[in-house]
2 protein chains.
Amino acid sequence: MDSKNLDLVFSALSDATRRGILASLASGERTVHELTSDFDISQPAVSRHLRVLDSAGLVRREKRGRETIVTAATETAAEAAHWLTHYVDFWTAHFDQMDVILTKQRERPDGR
Amino acid sequence: MDSKNLDLVFSALSDATRRGILASLASGERTVHELTSDFDISQPAVSRHLRVLDSAGLVRREKRGRETIVTAATETAAEAAHWLTHYVDFWTAHFDQMDVILTKQRERPDGR
DNA sequence: CGAATCCATAACAAAATGGTTATGGATTTT
DNA sequence: AAAATCCATAACCATTTTGTTATGGATTCG
């Protein structure tokens with residue numbers, strides 16, 4: 001997952017409607033038509049949200065007859081979650097170190 | 001973490017410069033001036049990125065004399081990571097179920 | 001005290017975002 | 001075959017974003 005992909009993934013996740021689409025895909029695949037009736041926006045608006053999610057690798061679209069079937073692509077979200085968790089761990093580790101240092105200073109205020 | 005906060009957090013994380021700022025804060029606090037020399041953009045641009053990160057709750061700013069000290073706020077990123085992980089788990093669970101169903105169908109193609 | 005430094009905000013321009021309606025291709029239904 | 005359905009794209013508009021330069025307040029340095 002490179003920087004450009006992270007841009008796309010986090011940007012895609014920054015919209016409540018798109019997160020809602022992903023949430024509704026948890027219960028299984030949905031057509032564009034079904035998604036349009038789930039959310040109170042026009043069909044073209046749904047199509048554009050899906051293109052954003054698709055570009056980010058967060059959903060897959062597949063033509064089936066005249067319908068388009070949408071499914072969640074778990075791996076990409078998992079990668080983004082790992083990235084975020086990695087940073088949190090990284091920060092936390094350093095904060096723990098800082099805490100150790102500060103504790104030592106408190107124990108020996110003369111700096112020995 | 002409500003929907004509006006998720007908007008702010010993911011939107012803040014969708015910019016490579018802001019992720020870079022967060023990364024550089026892993027090694028400890030930095031002043032706005034230091035961050036400005038780290039990244040090849042103007043000081044006002046850095047200030048605005050910091051305001052975005054601050055609004056999302058991803059950093060804290062503290063005036064110290066004429067300097068502004070910036071530190072990472074781990075908790076918020078952790079919450080976003082948890083949100084994302086939760087969804088991944090949720091999806092994965094359903095996909096696993098689907099997989100079970102599909103496997104059973106493969107084992108008994110007559111649908112018994 | 002005067003000069004320099006640190007930083008936030010305002011004003012502006014360019015680009016991206018998210019909604020709409022209009023349209024048309026492909027497929028299914030009748 | 002004609003009508004209806006599903007969906008993508010184009011065109012348009014309002015809003016937001018991200019960079020810039022200009023400016024000024026607060027603090028520190030000499």
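Because the structure is a prediction, the values reported are computed rather than measured. Chain A is the first sequence line, chain B the second, and so forth, proteins listed ahead of strands; every chain is numbered from 1.
- Listed by residue number, A45(A), R48(A), H49(A) are the residues of residues 45-53 of chain A with a heavy-atom contact under 4.0 Å to DNA chain C.
- A donor atom on one side chain and an acceptor atom on the other are found under 3.5 Å apart for S3(B) and R19(A).
- Contact check, T36(B) against dC7(C): no side-chain N or O comes under 4.0 Å of OP1 or OP2.
- Cluster membership check: V52(B) does not share its hydrophobic cluster with V32(B), using side-chain heavy-atom separations under 4.5 Å among Ile, Leu, Val, Met, Phe, Trp and Tyr.
- Counting heavy atoms from C-beta outward, L13(A) and L13(B) have side chains that stay 4.5 Å or more apart.
- At most 12 non-hydrogen atoms from other residues, nucleotides or ligands lie less than 6.0 angstrom from CG of D40(B).
- Distance alone, capped at 3.5 Å, is enough to place a donor-acceptor pair between the R18(A) side chain and the S11(A) backbone.
- In this structure, E62(A) places its CD atom 18 Å from P of dC6(D), rounding to the nearest Å.
- Taking atom CG of residue D15(B) and atom C1' of nucleotide dA15(C), one finds them 14 Å apart after rounding to whole Å.
- The nearest whole Å value for the distance from the CG atom in L35(A) to the C1' atom in dA8(D) is 15 Å.
- Within the 4.0 angstrom heavy-atom criterion, base atoms lie near Q43(A).
- Here the CD1-CZ distance, from I69(B) to R60(B), works out to 14.0 Å after rounding to the nearest 0.5 Å.
- Computed from coordinates, the E34(A) CD to dT5(D) P distance equals 16 Å when rounded to whole Å.
- T31(B) comes within 4.0 angstrom of the backbone, heavy atoms only, and of no base.
- If you measure from atom CZ of F39(A) to atom C1' of dG19(C), you get 16 Å, rounded to the nearest angstrom.
- With distances taken from any side-chain atom of I41(B) to the nucleotides dA8(D), dC6(C), dG19(D), the minimum falls on dG19(D).
- Looking at the side chain of R61(A), the nearest of the listed nucleotides dG19(C), dT20(D), dA8(D) is dA8(D).
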Inset, instruction - Sugar-phosphate atoms are those with a prime plus P, OP1 and OP2; base atoms are the rest. Using that split, label each nucleotide of nucleotides 25-30 of chain C B, S or - for protein heavy atoms under 4.0 Å, 5' to 3'. - result: --BSS-
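- The side-chain heavy atoms of N5(B) and T76(B), taken from C-beta on, include no pair separated by under 4.5 Å.
- At whole-Å resolution of the value, CZ in F10(A) and P in dT17(C) are 16 Å apart.
- Distance, E67(B) CD to dA26(D) C1': 13 Å, rounded to whole Å.
- Atom CG in L8(A) sits about 13 Å away from atom C1' in dA16(C), given to the nearest Å.
- Across all strands, S42(B) comes closer than 4.0 Å to base atoms (heavy-atom distances).
- Hydrophobic clustering (side-chain heavy atoms under 4.5 Å, transitive across Ile, Leu, Val, Met, Phe, Trp, Tyr) keeps L8(A) apart from M1(A).
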Legend entry - side-chain hydrogen bond (donor to acceptor under 3.5 Å, both in side chains) between T31(B) and R64(B), intermediate numbers included: CA-CA 10 Å; T31(B) 67; R64(B) 192 177 299 170; over 6 Å; no
